[in-house]
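Down below is the structure, laid out as structure tokens.
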Amino acid sequence: MSSYDPSKIESRWQNYWLENKTFKTLENHDKPKYYILDMFPYPSGSGLHVGHPEGYTATDILARYKRMKGFNVLHPIGWDAFGLPAEQYAVKTGTHPRSTTERNIKRFREQLQMLGFSYDWDREVDTTDPDYYKWTQWIFLKLFERGLAYEDEQPVNWCPKLGTVLANEEVIDGKSEVGRYPVVRRPMRQWVLKITAYADRLLEDLDDLDWPESTKEMQRNWIGKSIGAEIEFAIPDRDEKIRVFTTRPDTVFGATYMVLAPEHQLVDELTTDEQRGEVESYIEFAGQKSDLERQELTKEKTGVFTGAYAINPVNNKEIPIWIADYVLAHYGTGAIMAVPGEDERDWEFAEKYDIPIIRTVQPPDDFQGKAYTGDGPSINSGILNGLNITESKTKIIEWLEDNGVGKKSVNYKLRDWLFSRQRYWGEPFPIIHVDGKPKAVPEKDLPVTLPEVDDFQPTQTGQPPLARAKNWVETTDPETGKKALRETNTMPQWAGSCWYYLRYISPDFEGGPVDQQEEKYWMPVDLYVGGSEHSVLHLLYARFWHKVLYDCGVVSTKEPFQRLVHQGMILGEVEYTAYEKDGKIISAEKAAETEGVKRVPLSENDVEKKGDRFVMKGTEITVDSKAHKMSKSRGNVINPDDVVKSYGADSLRLYEMFMGPLEQVKPWSTKGVEGVNRFLNRVWRLFFGDGVEEKYNITDSEANKEQLKALHEAIKKVTEDIEGMRFNTAISALMIFVNEANGWKSVPRSVAEPFVILLSPFAPHLAEELWSRMGHKESLAYEKWPVYNQEYLKSESIEMAVQVNGKVRANISVPADEFKNKEFVIGLAKQQKNIQRYLDGTTIIKEIYVPGRIVNLVVK
RNA sequence: GCCUGGGUGGCGGAAUUGGUAGACGCGCCGGACUCAAAAUCCGGUGGCAGCAAUGUCGUAAGGGUUCGAGUCCCUUCCCAGGUACCA
């Protein structure tokens with residue numbers, strides 16, 4: 001071979017790694033462990049996109065690095081393979097989802113192997129494998145036993161056109177994500193998991209996690225804990241009371257009306273005959289609004305008076321009871337006390353319907369707005385007058401409790417997790433219904449496997465597809481011998497991904513979901529890398545299950561994922577776009593507010609930068625310059641297969657890491673791939689000459705000072721940057737080394753070998769090839785990571801800047817053994833010609849010397 | 001609106017605790033090799049002024065702290081992601 005040819009090198013090493021099981025995780029527990037996990041991929045029919053290798057390369061670099069640092073590394077992969085696309089394909093074509101799934105998994109596996117990731121392929125898991133979902137069902141039974149799984153009538157997203165129920169995340173703007181068909185809310189019997197029972201722990205334990213602050217914050221908001229009070233409002237001449245939740249009990253003296261959600265239980269009873277017609281038509285109006293409309297109509301509040309009154313317990317005043325859909329039935333008690341003086345929504349409503357407004361907090365003198373939500377002394381509030389918000393809250397809660405009309409209370413936004421789907425391609429519930437009551441299938445009868453059906457669509461009556469398997473559905477209760485019916489719902493896709501990280505630890509273990517001996521060694525996951533789109537749902541659900549398993553004694557840690565990093569999205573190439581209207585090009589700012597504008601794609605050569613915008617060359621017409629999300633419709637999708645074909649997997653890996661910080665959103669650039677490919681070519685030539693001469697450049701001669709310095713600078717920088725996950729600057733350090741080494745006549749083996757090791761996590765195929773050509777018989781995967789020596793980093797002189805009044809006026813070179821000598825350095829600085837110019841005719845009032853960095857002379 | 005990140009050359013991006021802004025890569029310009037091209041190699045490359053030495057401006061905008069600010073503080077603008085009547 002005369003030049004760098006990734007197509008030959010890469011497949012050879014991929015086969016070598018597979019055949020030799022190079023990355024098989026060690027069974028022994030003597031070494032320190034490092035568990036590094038990629039988010040569970042869904043093996044879609046379209047294969048990998050360039051976003052996948054970004055996170056996977058980052059974890060692969062760390063996995064390879066940690067192995068060489070002497071860690072026992074667990075770096076597995078598997079398939080989150082249940083899900084709607086395979087089922088939809090089955091409905092359309094009759095192909096069993098299993099065969100689609102198998103085909104897709106095969107394709108994904110090949111693609112991942114083509115990129116040279118160092119997974120332990122003996123630990124692959126697949127959520128659709130009965131040996132796997134047996135344990136998903138087992139965990140569900142634990143939830144069921146603990147009363148954390150229950151049945152409930154719940155409104156679901158029913159799509160009549162698709163004949164199926166959709167998950168919330170599959171509904172976009174009131175329409176199905178697939179096909180854009182209308183979706184309606186419809187009540188159905190559902191399995192629900194009581195995640196709310198864990199709300200506090202899910203919230204509190206976030207604090208100790210090494211996760212992005214934004215993700216923790218999103219989970220906190222999702223859980224939405226608020227502390228306040230529950231207050232009871234009596235209704236004259238009736239036994240019923242209206243309970244409200246409020247975070248501002250201190251404002252209760254300003255409650256001038258109440259609002260019930262239209263769906264509130266008491267609405268029907270309280271409504272007076274005169275108001276009944278109006279109330280009923282309002283309830284209908286509110287009920288018909290789709291979620292989309294509710295969002296769009298937020299500007300204007302609407303509501304209707306019920307005709308009834310309630311009594312404010314603190315001052316015995318009668319206040320009117322309204323219904324309005326700005327009060328949500330499913331939050332708090334579904335009823336509020338309205339305090340327009342301190343709440344913007346209530347103010348808006350009160351203003352519209354002419355309801356009195358009483359301020360109970362004194363706004364500052366310069367306050368201009370309407371409702372005042374800030375702090376201040378209480379007014380118009382009897383016993384609370386003069387106290388600030390916090391003091392008022394404490395005092396009024398005490399009063400409410402003493403008088404038996406209220407108490408301190410905590411509320412959450414988090415709702416229980418709707419856990420069933422009317423689908424075929426999911427885990428069956430290990431539940432049978434006997435005498436209309438749900439009952440667990442005995443553990444020894446797990447797994448409950450999916451039956452074969454003749455059609456993957458729901459039945460005519462809207463029953464899930466599993467209902468078609470009559471023989472399967474109709475069964476007997478093994479305990480009593482009674483007739484029983486199997487549960488026909490299946491679990492959502494989240495189920496399998498809630499605990500997969502545990503199965504990797506002992507994938508073949510038969511005594512439980514995870515071998516506890518192994519679990520104690522491997523958990524928690526040390527680093528978890530995946531997209532921020534899973535910030536809330538997957539990560540919250542998995543934490544919930546993990547805590548349940550912790551309570552069951554199955555796992556030993558409270559949290560599954562100690563450190564979490566999100567890779568940023570990769571956008572398409574930057575596009576330049578001009579806008580055309582009636583055959584004339586108009587400027588981009590105008591285009592946004594003009595109708596009937598046509599987009600005209602431009603090439604980079606057609607545009608130039610003017611100030612802070614791009615214009616068409618030679619004109620003043622602004623054009624758009626933007627990188628867009630990759631999408632089929634835009635036609636800017638980059639296929640990793642093509643990149644590998646043209647430049648090799650090492651170039652793809654290297655480029656994705658070199659683009660910029662891992663967490664950041666970055667645009668793709670094919671030129672950039674060519675750049676790193678050139679770098680790998682330079683590495684090759686450093687070892688083997690330019691191919692024409694076919695010379696071997698590695699010698700056994702001793703390394704000189706300059707060579708050692710270059711090497712050890714690279715070792716230091718690459719090591720520190722990998723530890724800090726700054727892969728872009730680590731690669732830059734490798735480039736600096738190669739640029740320098742290219743000036744040498746030859747490279748001593750003692751320098752070349754450590755360099756190859758430094759390169760190997762990033763470009764493993766090339767590194768293995770170089771390593772073996774240097775005469776090694778074994779893979780370098782477990783070689784020792786080099787350690788830098790401070791001695792070699794020292795240079796003979798140090799370059800420093802000399803400033804006068806903070807402006808650089810000269811550079812000096814100070815001998816290394818003199819740089820601590822302030823007198824010497826400042827003396828040298830003052831001798832500089834250009835410095836003397838600036839010192840001439842002035843007085844030095846201060847001499848600043850930061851050793852090794854800078855001299856600053858302050859003059860007057 | 002609110003929350004969380006960001007804003008640095010033509011572009012992607014570098015800059016320890018405040019200490020020479022622009023590492024590395026792309027692009028561009030010039031040169032070498034070549035009949036020619038590709039590939040490769042060498043040199044240059046923030047703006048302005050100057051033959052040059054050098055000066056001056058410059059990290060979204062404005063202000064402040066400091067001997068010294070991309071980095072710290074205040075105000076404003078813009079971009080991305082999330083969220084939205086949650087009482």
Side-chain angles (χ1 to χ4, degrees), chain A residues 3 212-218 220-222 224 226 228 244-248 251 259 294-295 297-299 301 324-328 330-339 342-346 348-349 411-415 532-533 535-536 566 568-569 574 604 607-609 612 614 625-627 655 658-661 663-676 678-679 681-682 685 690-692 720 726 728-729 731-736 739 742 799-811 833-834 837 845-850 852-859:
Chain A
S3 62
E213 199 46 49
S214 59
T215 302
K216 292 208 254 184
E217 201 54 31
M218 276 163 78
R220 286 187 192 112
N221 292 339
W222 190 266
S226 44
V244 302
F245 172 73
T246 176
T247 53
R248 293 292 303 275
T251 63
V259 185
R294 280 210 181 193
Q295 276 171 32
L297 295 173
T298 52
K299 293 155 207 145
K301 290 195 177 16
D325 67 356
Y326 82 91
V327 172
L328 307 173
H330 55 69
Y331 182 78
T333 61
I336 61 157
M337 63 174 201
V339 190
E342 279 77 36
D343 185 291
E344 279 157 15
R345 296 154 302 181
D346 296 343
E348 193 191 321
F349 192 83
N411 241 289
Y412 299 90
K413 269 203 290 196
L414 183 70
R415 283 191 278 161
S532 57
E533 66 272 21
S535 291
V536 175
H566 298 306
M569 204 190 336
V574 173
E604 209 185 324
V607 300
E608 62 184 339
K609 184 103 177 201
D612 55 0
F614 276 90
S625 143
K626 210 182 157 181
Y655 174 63
F658 188 60
M659 291 171 89
E663 301 86 342
Q664 205 164 297
V665 179
K666 332 167 247 289
W668 183 265
S669 154
T670 299
K671 289 283 185 198
V673 188
E674 286 170 9
V676 296
R678 271 201 281 274
F679 163 69
N681 270 290
R682 277 206 299 279
R685 285 199 304 273
D690 60 13
V692 184
E720 288 170 358
R726 295 180 297 268
N728 54 334
T729 49
I731 293 167
S732 144
L734 292 170
M735 287 172 168
I736 291 169
N739 287 347
N742 262 322
E799 304 296 316
M800 265 182 271
V802 182
Q803 300 182 330
V804 177
N805 282 345
K807 293 204 179 216
V808 179
R809 298 302 181 186
N811 286 299
K833 231 178 163 182
N834 205 37
R837 254 180 64 196
I845 50 174
K846 207 170 176 184
E847 291 172 346
I848 294 159
Y849 177 52
V850 183
R853 293 211 184 273
I854 208 158
V855 177
N856 190 7
L857 305 171
V858 186
V859 301

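Quick note on labels: first sequence line is chain A, next is B, and so on, each numbered from 1. It should be emphasised that the depicted structure is a prediction, and the values quoted were computed from it without experimental measurement.
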Original post:
Where each pair must be Watson-Crick or G-U wobble with both distances under 3.5 Å, what dot-bracket representation of RNA chain B is obtained, with crossing pairs in [ ] and other-strand partners as |?
Top reply: (((((((..(((......[....)))((((((.......))))))((((....))))..(((((..]....))))))))))))....
**OP:** Describe the nucleic acid contact of A:Arg415 in one word from base, sugar-phosphate, nothing, applying a heavy-atom distance below 4.0 Å.
**Re:** nothing
Original post:
A:Asn811 side chain: which of B:U20, B:C67, B:G27 is closest?
Top reply: B:U20
**OP:** Scan A:Asn728 against the nucleic acid and name what it touches under 4.0 Å (heavy atoms): base, sugar-phosphate only, or nothing.
**Re:** sugar-phosphate
**OP:** Tell me what A:Ser669 touches on the nucleic acid: a base, only sugar-phosphate, or nothing, going by heavy atoms under 4.0 Å.
**Re:** nothing
**OP:** For A:Thr729, enumerate each residue passing the side chain to side chain donor-acceptor pair (under 3.5 Å) test, keeping only those at least two apart in sequence or located in another chain.
**Re:** A:Asp721
Subject >> Donor-acceptor pair present, A:Lys301 side chain and B:C85 base, under 3.5 Å >> reply: yes
Original post:
Using atom P of each nucleotide, how far apart are B:U71 and B:G63 to the nearest Å?
Top reply: 14 Å
**OP:** Select base, sugar-phosphate, or nothing to describe what A:Lys609 touches, counting heavy atoms under 4.0 Å on all strands.
**Re:** sugar-phosphate
**OP:** Please report, rounded to the nearest Å, how far the P atom of B:A15 is from the CD atom of A:Glu720.
**Re:** 12 Å
Original post:
How is A:Ser625 classified with respect to the nucleic acid when contacts are heavy atoms under 4.0 Å: base, sugar-phosphate, or nothing?
Top reply: nothing
**OP:** Answer yes or no: are there more than 12 heavy-atom neighbours, outside A:Glu604 itself, under 6.0 Å from its atom CD?
**Re:** no
Subject >> Main-chain N/O of A:Thr670 paired with A:Tyr655 side-chain donor or acceptor, under 3.5 Å >> reply: no
Original post:
Base, sugar-phosphate alone, or nothing: which one does A:Asn411 contact when heavy atoms must sit under 4.0 Å apart?
Top reply: nothing
**OP:** Select base, sugar-phosphate, or nothing to describe what A:Gly332 touches, counting heavy atoms under 4.0 Å on all strands.
**Re:** nothing
**OP:** Answer with base, sugar-phosphate or nothing: what part of the nucleic acid does A:Gln664 contact at a heavy-atom distance below 4.0 Å?
**Re:** sugar-phosphate
**OP:** Quote, to the nearest angstrom, the C1' distance that separates B:C24 from B:G13.
**Re:** 9 Å
**OP:** Assess whether one donor atom and one acceptor atom, taken from the side chain of A:Arg853 and the base of B:U17, lie less than 3.5 Å apart.
**Re:** yes
Original post:
In terms of heavy-atom contacts, does CZ of A:Arg415 have more than 12 from other residues, nucleotides or ligands at under 6.0 Å?
Top reply: no
Original post:
Using the C1' atom in both, what is the distance from B:U4 to B:U20, to the nearest Å?
Top reply: 35 Å
**OP:** Choose from B:G55, B:U4, B:G25 the nucleotide whose nearest atom is closest to any side-chain atom of A:Phe658.
**Re:** B:G25
**OP:** Report the nucleotide, chosen from B:U54, B:U20, B:G19, that has the shortest atom-to-atom distance to any side-chain atom of A:Ile848.
**Re:** B:G19
Subject >> 5' priority, RNA chain B, between A:Ile736 and A:Met218 [closest heavy atom] >> reply: A:Ile736
Original post:
A:Ser732 side chain: which of B:C24, B:C11, B:A87 is closest?
Top reply: B:C24
Original post:
Which is true for A:Glu217 with a 4.0 Å heavy-atom rule: it touches a base, it touches only sugar-phosphate, or it touches nothing?
Top reply: sugar-phosphate
Subject >> Whole-Å P distance, B:U66 and B:C48 >> reply: 35 Å
Subject >> B:G9, syn or anti by chi within 90 degrees of zero >> reply: syn
Original post:
How would you label the contact of A:Val665 with the nucleic acid (heavy atoms, under 4.0 Å): base, sugar-phosphate, or nothing?
Top reply: sugar-phosphate
Original post:
Mind checking the C1' distance from B:A49 to B:U59? Whole angstroms is fine.
Top reply: 23 Å
Original post:
In whole Å, what separates the P atom of B:G70 from that of B:A38?
Top reply: 42 Å
Original post:
Checking all strands, does A:Asn739 fall into the base, sugar-phosphate, or nothing category for heavy-atom contacts under 4.0 angstrom?
Top reply: sugar-phosphate
**OP:** For the side chain of A:Arg682, starting at C-beta, report the closest nucleotide among B:C67, B:G19, B:C41.
**Re:** B:C41
Original post:
Do the ring planes of A:Tyr331 and A:Phe245 sit parallel (below 30°), tilted (30 to 60°) or perpendicular (above 60°)?
Top reply: perpendicular
Subject >> Inter-nucleotide C1' distance (B:U65, B:G12), Å rounded >> reply: 34 Å
Original post:
Mind checking the P distance from B:G19 to B:G27? Whole angstroms is fine.
Top reply: 32 Å
Original post:
Base, sugar-phosphate, or nothing for A:Pro661, non-hydrogen atoms under 4.0 angstrom?
Top reply: sugar-phosphate
Original post:
At under 4.0 Å between heavy atoms, what does A:Ile336 touch on the DNA or RNA strands: base, sugar-phosphate, or nothing?
Top reply: base
